[in-house]
S.K.: 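One structure follows; several queries about it will come next.
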Amino acid sequence: MKFMKLGSRPDCFQNDGKDNRFVTADLAADIIVHVGNVKFYLHKFPLLSKSYRMQKLLATTNSDEVDEICIPDIPGGASAFEICAKFCYGMTVTLNAHNVAAARCAAEYLEMHDTMEKGNLIYKIEVFLRTSIFRSWKDSVVVLQTTRFLLPWAEDLKLINHCIDSIASKASIHSSKVEWSYTYNRKKNGVRKENQVPDDWWVEDLCELEIDFFSKIILAIKAKGRASFAVIGEALKAYTYWRFSSSGKRSVRHGGDAMNASFLETIIRLLPSEKACVSCSFLLKLLRAGCLLSCSEMDKKELVKRIGHCLEDASVPDLLIPITSEKKTIYDVDMILRIVKEFMMQEDNEANPTVTEEHQELSVAALASGPSKIAVAKLVDGCLVEIAKDPNLPLSKFMDLAEILPCELRPLHDELYGAIDTYLKEHPGLSKSEKKMVCGLVNCKKLSVDVCTHAVQNERLPLRMVVQVLYFEQMRVSTSTASQAESGGSYGSSKSAITTNTEDEHDLQNTPKAIELSSDETRRESNGHDKIGNRKMKGMETVAPPMLRGVQPCKEHKVLMA
């Protein structure tokens, strides 16, 4: 840390332990200066020779003996005034990064300019700041921290601006050219590389700054345009985590929800516009905190837009944002819907850049299958599995989230089936029509063998879905058998294989009427009242696929297997 010594005389300031400060000298004190609760017993001549303000204050007193003046508003308080007073006496005083800003502001208050005496205190401090403090990374950061107690003097004297410009300039230099010491002490992969300065070496030192100073530094770094957006994003992330960690509890505790909401809004607005500046997980954490602290809708909308750009990188736990309103549900499903819709909108815009905003429509055609879209579909299914456990979740919300992505984006419907099964388990009061509606989301052709086995034995499923599972498994086995016969060339010709496939397709288009029957009609079938239905159901018992043979259907479904 840089320092500068002024004066050459011994320090003769003493105190009596009762907030009284005096100078040991042969002459008695002829002026008493009140600075807050501290009394300084001094001599007029040293002060008047260097401080124009002291001259003006003494001109207003009428005492013939000891004059008393009060300066309660001097920046830096008693300690800063003592530095100025010692300088007036020519006593040794040491300036460093911790006290130089206070001394500069106090000297300005006392009007210790060169017009009073050449080489006065203001001039000497300015030289020290310019030649030493602002050239040092650590000292610039320390001085900036001290200025928050010296407002508005530090701002009027451009101390804050000079510190910010110094810090931003050094942070913008390429790490290979960094020659000063720095306090970066984190280990990379468990090994400290001594002679290698990381790109984000400056981030840790700025975490203890107040948000107004920190934001000004980030804006100055952005304006210089030499630091990468990834490093700026890392700085914002590290600063945010520090603020809400155990190290930053002090700041949070003294702030309250309103101040913390303002803090988050500032961080959101400082984020670089580039897509990969921060992780999707960090953006979702910001959104979660923003919802809990009731941040502005504009800032939450900005976060939703950013998350939509990288939603494929999200995880289910991050996307499950707890509800903050008086609703009884556990998770904010509306927010998940907003995020997924934003993702779809952006994907649609990238696929059709000429489409105007007024005519943007989320069509299935525009959302052709892609890695990011399939990943988002899997993410949505994972969310469905979790929100289905909420007993207070309305069916409409569950359906909205399940239907927000087109069916083509799900190669398998196993996870969707699991979510629906969980929802049926947690909501036993659903009507038959509601069960049919939610189960209609599943494409039985996209269920795996194991899930089909589970579905046949699932008492919670409507009869219609069980029949569909059996039917499509029959088609799958028939197609597989035909393919094996064709490849083997022994049983059946290619013509017979084609005929079988054609018949399967015909059957697919004309699904057995039993699938469409209501529960009353099914009961009539079991009693022999509907001969056509009996014939069709009787035909199905002979073609049960091998994977389902031996599986015992639930009691509710035995009528379909009779």
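What you see is a predicted model; the values in this text were computed from it and never measured.
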S.K.: Could you tell me whether the side chain of Asp139 and the main chain of Lys2 form a donor-acceptor pair under 3.5 Å?
M.R.: yes

S.K.: Does a sphere of radius 6.0 Å around CZ in Phe22 hold more than 12 heavy atoms from other residues, nucleotides or ligands, not counting ones at 6.0 Å or beyond?
M.R.: yes

S.K.: Could you report the tightest heavy-atom contact between Gly76 and Leu150, atom names first, then the distance?
M.R.: N-CD2, 3.6 Å

S.K.: Show the numbers, then the answer: is there a side-chain contact (heavy atoms from CB on, under 4.5 Å) between Ile404 and Met344?
M.R.: CA-CA 9 Å; Ile404 194 169; Met344 295 169 66; 3.9 Å; yes

S.K.: For the pair Asn99 (side chain) and Asn96 (backbone), establish whether a donor and an acceptor sit closer than 3.5 Å, ignoring hydrogens and angles.
M.R.: yes

S.K.: Which atom names give the shortest non-hydrogen contact between Thr146 and Ala101, and what distance separates them?
M.R.: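 Closest heavy-atom pair between Thr146 and Ala101: OG1-CB, 3.6 Å.
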
S.K.: Decide, yes or no, whether a salt bridge links Asp334 with Lys397 under the criterion of side-chain N to carboxylate O below 4.0 Å.
M.R.: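 Here Asp334 pairs with Lys397 in a salt bridge, since their nearest N and O are under 4.0 Å apart.
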
S.K.: Do any N or O atoms from the side chain of Arg9 and from the backbone of Tyr89 form a donor-acceptor pair under 3.5 angstrom?
M.R.: yes

S.K.: What do the steps show when you test Asp67 against Asp30 for side-chain contact (heavy atoms from CB on, under 4.5 Å), and what is the final call?
M.R.: CA-CA 6 Å; Asp67 291 315; Asp30 54 6; over 6 Å; no

S.K.: Counting only heavy atoms from other residues, nucleotides and ligands, does the tally under 6.0 Å from NZ of Lys39 exceed 12?
M.R.: no

S.K.: Kindly indicate whether the side chain of Val23, heavy atoms from C-beta on, has any atom under 4.5 Å from the side chain of Phe13.
M.R.: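 Yes - at least one pair of side-chain heavy atoms lies under 4.5 Å apart.
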
S.K.: Just wondering, more than 12 heavy atoms not from Phe3 lying within 6.0 Å of its CZ?
M.R.: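 Counting neighbours around CZ of Phe3, 12 or fewer heavy atoms of other residues, nucleotides or ligands fall under 6.0 Å, so no.
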
S.K.: Got a second to check how far Glu126's CD is from Thr131's OG1, nearest 0.5 Å?
M.R.: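 Output value for this atom pair is 10.5 Å.
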
S.K.: Check this for me: does any side-chain nitrogen of one of Lys300 and Glu297 sit under 4.0 Å from a carboxylate oxygen of the other?
M.R.: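 A salt bridge is present here (some side-chain N lies under 4.0 Å from a carboxylate O).
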
S.K.: Is it true that, when you exclude Asp16 itself, more than 12 heavy atoms of the residues, nucleotides or ligands shown sit nearer than 6.0 Å to its CG?
M.R.: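 It does: Asp16 CG has more than 12 such atoms within range.
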
S.K.: NZ/Lys56 to CG/Leu110 distance, rounded to the nearest 0.5 angstrom?
M.R.: 10.5 Å

S.K.: Any side-chain heavy atom of Glu312 within less than 4.5 Å of one from Leu379?
M.R.: no

S.K.: Taking side chain as C-beta onward, heavy atoms only, is Leu320 less than 4.5 Å from Ile336?
M.R.: yes

S.K.: Is there a donor-acceptor pair closer than 3.5 Å between any side-chain N or O of Asp390 and the backbone N or O of Ile330?
M.R.: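 Checking the backbone N and O of Ile330 against the side chain of Asp390, a donor-acceptor pair under 3.5 Å is found.
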
S.K.: Counting distance only, does the side-chain N/O of Asn120 pair as donor-acceptor with the main-chain N or O of Lys50 below 3.5 Å?
M.R.: yes

S.K.: Ignoring hydrogens and geometry beyond distance, is a side-chain donor-acceptor pair present between Asp318 and Ser281 at under 3.5 Å?
M.R.: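 There is such a pair (donor and acceptor under 3.5 Å, judged by atom type) between the side chains of Asp318 and Ser281.
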
S.K.: Got a sec: does the CZ of Phe282 have more than 12 other heavy atoms crowding it under 6.0 Å?
M.R.: yes

S.K.: Can you tell if the side chain of Ile167 reaches within under 4.5 Å of the side chain of Trp202, non-hydrogen atoms only?
M.R.: no

S.K.: Minimum heavy-atom separation for Ala154 and Cys105, please, with both atom names.
M.R.: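 Taking every non-hydrogen atom into account, N-SG, 3.8 Å.
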
S.K.: Does CD belonging to Glu155 count more than 12 external heavy atoms closer than 6.0 Å?
M.R.: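 Check fails, neighbour count at 12 or below.
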
S.K.: Glu82 versus Phe40: any side-chain heavy-atom pair under 4.5 Å?
M.R.: yes

S.K.: Indicate yes or no for a side-chain donor-acceptor contact from Glu234 to the backbone of Asp200 under 3.5 Å, with no hydrogens or angles considered.
M.R.: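 Not confirmed, Glu234 side chain does not pair with Asp200 backbone.
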
S.K.: List the atom of Phe244, the atom of Leu264, and the distance in Å for their closest heavy-atom pair.
M.R.: CE1-CD2, 4.2 Å

S.K.: Flag the pair Arg269 / Met298 as yes when at least one side-chain heavy-atom distance between them is below 4.5 Å, and no otherwise.
M.R.: yes

S.K.: Among Leu6, Val93, Ile125, which one satisfies side chain to side chain contact (heavy atoms under 4.5 Å, CB included) with Ile83?
M.R.: Val93

S.K.: Hey, mind stepping through Ile69 and Met54 against side-chain contact (heavy atoms from CB on, under 4.5 Å) and telling me if it holds?
M.R.: CA-CA 9 Å; Ile69 59 176; Met54 295 297 293; 3.1 Å; yes

S.K.: Taking atom NZ of Lys86 and atom OG1 of Thr94, what is their separation to the nearest 0.5 Å?
M.R.: 9.0 Å

S.K.: How close do Tyr109 and Arg53 get, heavy atom to heavy atom, and via which atoms?
M.R.: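 Minimum heavy-atom contact is O-CD, 2.8 Å.
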
S.K.: For Leu271, is there any backbone N or O sitting under 3.5 Å from a side-chain donor or acceptor partner on Arg306?
M.R.: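 Checking the backbone N and O of Leu271 against the side chain of Arg306, a donor-acceptor pair under 3.5 Å is found.
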
S.K.: Using the side chain to side chain contact (heavy atoms under 4.5 Å, CB included) rule, pick out the option among Leu270, Ile267, Leu206 that qualifies with Tyr239.
M.R.: Ile267

S.K.: When you measure from the side chain of His162 to the backbone N and O of Phe134, does any donor-acceptor pair fall under 3.5 Å?
M.R.: no

S.K.: Is any side-chain heavy atom of Cys84 closer than 4.5 Å to a side-chain heavy atom of Met112?
M.R.: yes

S.K.: How long is the gap from CD on Gln145 to CD on Glu208, to the nearest 0.5 Å?
M.R.: 6.5 Å

S.K.: So for atom NZ, which belongs to Lys18, do other residues, nucleotides or ligands contribute more than 12 heavy atoms lying within a distance under 6.0 Å?
M.R.: no

S.K.: What distance do Trp137 atom CH2 and Ile173 atom CD1 have between them, rounded to the nearest 0.5 Å?
M.R.: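 Output value for this atom pair is 10.0 Å.
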
S.K.: If we only count heavy atoms from C-beta on, is the Asn161 to Lys216 side-chain gap below 4.5 Å?
M.R.: no

S.K.: Where is the tightest heavy-atom contact between Pro75 and Ala106, given as atom of each residue plus distance?
M.R.: O-CB, 3.7 Å

S.K.: Is there a donor-acceptor pair closer than 3.5 Å between any side-chain N or O of Ser51 and the backbone N or O of Leu47?
M.R.: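 Pair absent, no side-chain N/O of Ser51 close to backbone of Leu47.
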
S.K.: Begin from the C-alpha positions of Leu303 and Cys295 and carry the test side-chain contact (heavy atoms from CB on, under 4.5 Å) through to its verdict.
M.R.: CA-CA 11 Å; Leu303 281 177; Cys295 288; over 6 Å; no

S.K.: How long is the span from the CZ atom in Phe398 to the CD1 atom in Ile387, to the nearest 0.5 Å?
M.R.: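 Going from the CZ atom of Phe398 to the CD1 atom of Ile387 covers 6.5 Å.
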
S.K.: Does NZ or CZ of Arg243 fall inside the cone over Phe263's six-membered ring, less than 6.0 Å from its centre and within 45° of the axis?
M.R.: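 Output yes; distance and angle both within limits.
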
S.K.: When you measure from the side chain of Ser8 to the backbone of Met91, do you find a donor-acceptor pair of N or O atoms at a distance under 3.5 Å?
M.R.: no

S.K.: Before accepting this row, confirm whether a basic side-chain N of the pair Asp165/Lys224 lies closer than 4.0 Å to the acidic partner's carboxylate O.
M.R.: yes

S.K.: Under a 4.0 Å N-O cut-off, is there an ion pair linking Arg338 with Glu342?
M.R.: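 Answer for the salt bridge query: no.
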
